[in-house]
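Quick notes on the structure that follows.
In what follows, every chain begins at residue 1, and chains take the letters A, B, ... in the order their sequences are listed.
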Amino acid sequence: MPPLISSAIILRHVDYGEADRIVTVLTPDHGRLKGFARGARRSRKRFGTALEPFAEVRLHWVPRPGGELVSLREAELVSLRTGLRRDLETLALAGYGCELTEALFDEAVGFAEAFGLLRAFLDHLDAAGASAGARLLMELRLLTLAGIVPHLQHCAECHGALPEGPVGFDAGRGGSLCPGCGGAAAGLRVDRLTLGSLGRLLQTPLERFADIRLSPRTLQEGGALLADALRGHLPKPLKSAAFLAGL
Amino acid sequence: MLDSIPSFARLVAELAKFPGVGTKTATRLAFYLLRQPDAAAAALATAIVDLKRNTRFCSVCFHITEQDPCPLCVDPARDGSLLCVVEEPQAVLAIERSRSFRGRYHVLHGALSPLDGIGPEELRIAPLLDRLKAGEISEVLVATNFTVEGDATALYLARLIQPLGIRTTRLAYGIPMGSELEYVDEATVQRAVQGRREL
């Protein structure tokens, strides 16, 4: 069987035995794949540096009937994104973006928009470095693509309008809550202006990260809101999130 | 089949636990041992037991050793102001083989990994800082691998060490000796161009 060729972003890899490597990648047409790269650590001819995390490659691979692991034959490097290694925060945020994408799109089903979003996120970090705004945009857009973004600009329970000023937010109940639905007792308080900003961000192009400025309040309240929303949808806490928090 | 020869099956099972050794290779090795004289098999068994019994990690640099502190830490001919930080003991052996470094070492026993959640507390970084604060060291050469994990570790160490006023350097990137540019990957060429120097 001739190999299939896909664009792919390397999410991570683990060494196997003396010379092999198991690589997890995201592709636009086949979703998340796990592949076995025989001899990848010993021979630099077929893979070179192309299997490093965050790299974008043209991947030559062959499905293996009945097995989860595909066979990786060759990887042509498109971009290694060496700018991600400029500082620890950028490196850690790139890792977080990859882990979060994998956690929310953990199936071998094509999702070109998620691939495009991760590519744009990594390219932005590669060029501009880490920022709280890039993280917030990535989280918000991934939640949107996964179809689990919380109700922001109206009450999640009665669908009524929200009052001006701070309102309650509880991701477990669907999102923003008006006073009549018990918003005052919700764990998070988020200003209506922040919810409006997040709503407007949902209208921006999915792959645009540059030149979007967010106020400190939007970053702080929006970050807490998205963390609350993600918590309910992730099967376990992300290792890279704990690493980022420890920096 | 092997179940009828329990001692043979047990050896195959133990050998197959080695990295890179599958059942086929383990079986081949077991047949090889079977054909050796008793003394050869006993020597192998003794070598394994002695390795486990006599070696430990040096309490200063955390390299493997039979005496504590290790010979590298007590050798008066080595430069005590120069410290090389590596991920694993194998890296010490690689650098020693090159005969290019005459300072002392510190083995971290791992590397930071954002994706695996391996943080600084899981590495031998606290004892490294204790050594640096003792005041003898004037330069730290960070010789971690050129992987995402190695780069993360180097960036983290630089952040800790530079405020102490200690010169912090890293191994140079470059084109391997004897290789032709045409066949070197673009990332290595890119780093080599960035790290060019005067002739």
Side-chain angles (χ1 to χ4, degrees), chain A residues 10-21 24 39 41-42 44-55 57 75-100 102-103 130 236-247, chain B residues 16-26 87-88 90 110-123 125 142 144-162 170 173-176 179-180 182-195:
Chain A
I10 310 295
L11 299 178
R12 57 197 165 86
H13 63 231
V14 291
D15 293 339
Y16 184 84
E18 283 292 277
D20 308 326
R21 198 159 257 179
T24 306
R41 294 161 65 204
R42 187 170 290 159
R44 310 292 285 174
K45 279 184 184 167
R46 284 187 302 156
F47 299 108
T49 54
L51 298 184
E52 279 289 287
F54 320 133
V57 298
E76 299 168 42
L77 185 65
V78 175
S79 171
L80 193 58
R81 299 190 170 99
T82 50
L84 296 176
R85 303 180 188 211
R86 74 182 69 203
D87 59 54
L88 203 49
E89 283 76 11
T90 304
L91 204 56
L93 188 55
Y96 174 70
C98 286
E99 192 179 7
L100 185 57
E102 188 187 354
K236 57 184 178 184
L238 299 186
K239 291 174 179 175
S240 55
F243 188 93
L244 260 176
L247 291 179
Chain B
K17 292 176 185 171
F18 281 59
V21 176
T23 308
K24 268 188 186 174
T25 305
E87 291 179 21
E88 300 292 349
Q90 296 93 308
L112 296 182
S113 177
L115 287 164
D116 297 317
I118 297 175
E121 64 286 349
E122 289 163 73
L123 309 180
I125 288 178
V142 180
T144 51
N145 294 330
F146 291 99
T147 57
V148 166
E149 293 81 8
D151 284 348
T153 308
L155 289 165
Y156 182 78
L157 290 179
R159 182 184 289 188
L160 290 182
I161 297 168
Q162 281 162 355
R170 187 150 192 224
Y173 296 90
I175 310 294
S179 59
E180 297 175 32
E182 183 184 353
Y183 299 109
V184 178
D185 68 85
E186 52 263 55
T188 303
V189 173
Q190 186 188 57
R191 294 287 177 107
V193 170
Q194 287 168 353

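For the pair Thr147(B) and Glu52(A), the minimum side-chain heavy-atom distance is below 4.5 Å. Within the 4.5 Å cutoff, the side chain of Leu112(B) has heavy atoms near those of the Phe243(A) side chain.
Within the 4.5 angstrom heavy-atom criterion, no atom of Phe18(B) approaches chain A. If you measure heavy-atom distances from Leu77(A) to chain B, the contacts under 4.5 Å come from both the backbone and the side chain. For Leu11(A), the part sitting under 4.5 Å from any heavy atom of chain B is the backbone (N, CA, C, O) and nothing else. At a 4.5 Å heavy-atom cutoff, Tyr16(A) makes no contact with chain B through either its backbone or its side chain.
Within the model, atoms CG of Leu115(B) and CZ of Arg12(A) stand 7.5 Å from one another, a figure rounded to the nearest 0.5 Å. Rounding to the nearest 0.5 angstrom, the gap separating the CG atom in Asp151(B) from the CG atom in Asp87(A) is 11.5 Å. Taking CD of Gln194(B) as the reference point, atom OG1 of Thr82(A) lies at 6.0 Å (rounded to 0.5 Å). Note that the CD1 atom of Ile118(B) and the NZ atom of Lys239(A) stand 8.0 Å from one another [nearest 0.5 Å].
In plain terms, the two heavy atoms of Ala152(B) and Leu88(A) that are nearest each other are O-CD1, 3.3 Å.
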